[in-house]
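As the structure lists them, so they are numbered: ligands from 1, and atoms in each ligand from 1.
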Amino acid sequence: MAEPKKPTKKPLVFYYLVTLAILFIINAVVLPMFFSKSITEVDYSVFLQAVEENRVTQVELSGDHEEIVYVATDQNGQPQTYITVAMPDPNLLERLRASSPDIKFSRIRPRQASPLLTYLFSLFVPILLILGLGRLFSKQLQQRMGNTMSFGKSDARVYVEAQTGKTFADVAGQEEAKEALMEIVDFLHHPEKYASIGAKLPKGALLVGPPGTGKTLLAQAVAGEADVPFFSISGSEFVEMFVGMGAAKVRDLFKEADKKAPCIVFIDEIDTVGKKRGDGGFSGNDEREQTLNQLLTEMDGFDSRKGVVILAATNRPESLDPALLRPGRFDRRIPVELPDINGRTAILKVHAAKIAMERDVDFEAIARATAGTSGADLANIINEAALRAVRMGRNRVRQEDLQESVEVVIAGYERKNATISPKEKEVIAYHEIGHALVAAKQTNSAPVTKITIIPRTSGALGYTMQVEEGERHLMSKEDAMNRIATLTGGRAAEELIFNMATTGAANDIEQATKLARAMVTRYGMSDQFGMVAFETLANPYLGGDSAMNCSSETSAQIDKEVIKLVKQGHEKAINILKDNLDKLHELSRELLKKETLTGQEFMAILES
Ligand code: ADP
Ligand code: MG
Ligand code: ZN
C-alpha cells in the first residue's frame, strides 16, 4: 500500500467501550427524553386541590379514563406537568371548566411514536454504529498487513535494475566460470555475431557450487559487465504468504524482462522454488509447485533470440526438479568450486587490495594454510586480520595478523583467561605433541607448522596445524592411513605417558572414524570389500548427510572393517611414540613452557 501506515494509538477495547457507552446513553437517556417530557406522579387529592385553587391550565384525559395528565402552575408560578390516577368523578369536567374559563382540554404527552418505528430505530442505530466501527478496523488491519492484500500484483521494487557496481575484476579465480559467463555477456552485446552463424545461446545458465564460492558475486559481476538491464530476485521471494502469489510474481517478472530485452534475469537460491515436485508426504507445497510450473512455462515461452538470459544459482543442484535442467531451460551448468591454491591467493589479493598491508605479506603462505576454505572464508580472514591490526594499534596489516586470523576462522579466538590446571595443561601438551610427532615421523605427511596449547573459543584446548607444501588433489590409501595414525596420536600419547584416556580426543576420534568409514564405503580402500560403494553423498556441496545402501549384514561388516582400520592407525601411532619417547618428553616440556611452538622450533628439537 502506498500511503505510510499510521500507528494505531488506541487498542480495540477502547473502541468497544465507546460503542457500549453510546448505546447505553441512547437507551437510558436520549430515547425516553425524546418520547416524553418529565412528568411528576402525584396523588388524586393533589390534583383536586390544584383544581380548587384554579391553578390547572391544561388537562388531558386518557381515552380509557385510567389516568389524568395535567399542567398546573406550581408555588413559583411555573407550569409543571403531573400525572395522577383517574377517579370515578362524573362532574369533574364541569368543575374544571368552572375553575378557569380558558382551561384547555388537549394532548399534553406527545403521541406515542409508532411502536414499529421505535423498534426499527433501536434495532438499526446500533447496527449502523457497529458497521461503521468495523469498517474502521478493517482499514487499520489492511494497513498493518501491508501490501499482502494486493493480490497478484508484485512489488515493482523487486525487479528494478540492479546497480551492483561489481565487475569480473572483483571475482578472483573461477576462470572457467568467468569464461562461460563472458560468452553470455558477449552475446548480449553482439547478438548479430551469433545469429549470422545460426548459433543459439542457452536460455539459462545454472551456477552450482558450495556456499561462499562467489556464485552471487559472479552474477552481480555479470550485471556490471553486461551493460543491459539486470533483474535480480531470490528464490525465497517467490514463496509467498498467499497461494498463487509466487506464480503471479514469476509471470510479472518475465513480462517485465520481455519488455526490457535484451536483459538478464538472475534467480538466486533457486532450490527454494525449484525442488523436485511430488516429494515429501504432505502436499503443503502446492504453492511452491505452482510457482515452479509457472517458471517452467515462462522459460519455454520466450525466445532466447530476443536476448533474455536467465542465470540462477544454487548449492543444492541434486534437489532441483529434472524438468528445470533439461535442454531449453537451464541447459548450461557452470560449476563454481572451492578455490585451489592459486584461486585462494588471488582471492586474498583482491580483498587485500582494499586494505592497508605491509608490502612483504606472503599471500601464498596463507593460501597454503587454508586448503578447503571458500572465497567467503578468505574475505573473512582478510577482514579479521585488519581488525586485529587495529586492535594491536597498528595502521598496516602484517603477516602475523593474517596467520592469527586464519586460526581464528578455523578454531575461533584465543581464550586468554581460561583457567586450566597445570596437570591438565600437561596432558594437553603431551596430546598435541603426540599428534605432531606421529605426523612428523611418517613419510608423506604434511609438515607440522604450529603446535599450541592456548585454548580457543571453538572449544579446542590446543591444536596442531599441518600445512601441505603444494596442492593435493588425490589422497592415497597410505595417506589416509597416515592421517588416521596422526589423528589417534594424541590419545596414544595420553595412554603411553599417563595411562589414561580423556575426552580431549573426541574430535580426533570422530574425524578418524569418518575417514575410515569413507575409505571402506566410498573410496574402495578396504581389502575385504574392494571397489564397492555402499554410501552416496546426499548433497555434495553442503558436506551433509550420506545415504547408506547395503544390507544390514554388510553394514555390520563395514563397522568391523572401520574398527579394524582405526585400530591399525592407533597401533601405528603408539609404536611411533614408543620409539621416540625421549623426544616426546622433551618436546612436551618445551611446549608447556612456551605454549606455542612453530614448525621450525619443533623440527629443530626433533632433529637435535
Ligand atoms: P555464494 O553465493 O556462492 O554462496 P557469494 O557470492 O555470496 O557466495 O560470496 C560471498 C562473499 O565471498 C563475496 O561477497 C566475496 O566477498 C567473497 N568471495 C567469494 N568468492 C570470491 C571470489 N572468487 N573472489 C572474490 N571474492 C569472493
Ligand atoms: Mg549466494
Ligand atoms: Zn587431538
Geometric N/O contact T216 with ligand 1, under 3.5 angstrom: yes
The one among G212, A169, P339 that brings a heavy atom closest to atom 19 (C) of ligand 1: G212
Closest to atom 24 (N) of ligand 1 (judged by heavy-atom distance), picking from A177, A376, A172, A221: A172
Numbering the atoms of ligand 1 from 1, which are under 4.0 Å from a heavy atom of [X]?
X    : value
G214 : 1 (P), 3 (O), 5 (P), 6 (O), 8 (O), 9 (O), 19 (C), 20 (N)
V171 : 23 (N), 24 (N)
T213 : 3 (O), 8 (O), 19 (C), 20 (N)
P211 : 4 (O)

Quick test: of every protein heavy atom, which one is nearest to [atom], and how far off is it to 0.1 Å?
atom                    : result
atom 18 (N) of ligand 1 : G375 C, 3.7 Å
atom 27 (C) of ligand 1 : L217 CD2, 3.5 Å
atom 26 (N) of ligand 1 : H351 NE2, 2.8 Å

Electrostatic pair [X]:[Y] at N-O distance under 4.0 angstrom:
X    : Y    : value
E225 : K166 : no
R368 : E469 : no
E404 : R456 : yes
E510 : K514 : no

Ligand 1 contact on D170 by region, counting heavy-atom pairs under 4.0 Å: backbone
Ligand 1-proximal atoms of I347, by part, heavy-atom distance under 4.0 Å: side chain
The Zn ion (ligand 3) to nearest N/O/S of E432 below 2.8 Å: no
For the Zn ion (ligand 3): the N/O/S atom of D508 at shortest distance: OD2
The Mg ion (ligand 2) to nearest N/O/S of N315 below 2.8 Å: no
Close aromatic pair by centroid cut-off 6.0 Å: F498 and Y430: yes
Donor-acceptor under 3.5 Å (N580 side chain, I576 main chain): yes
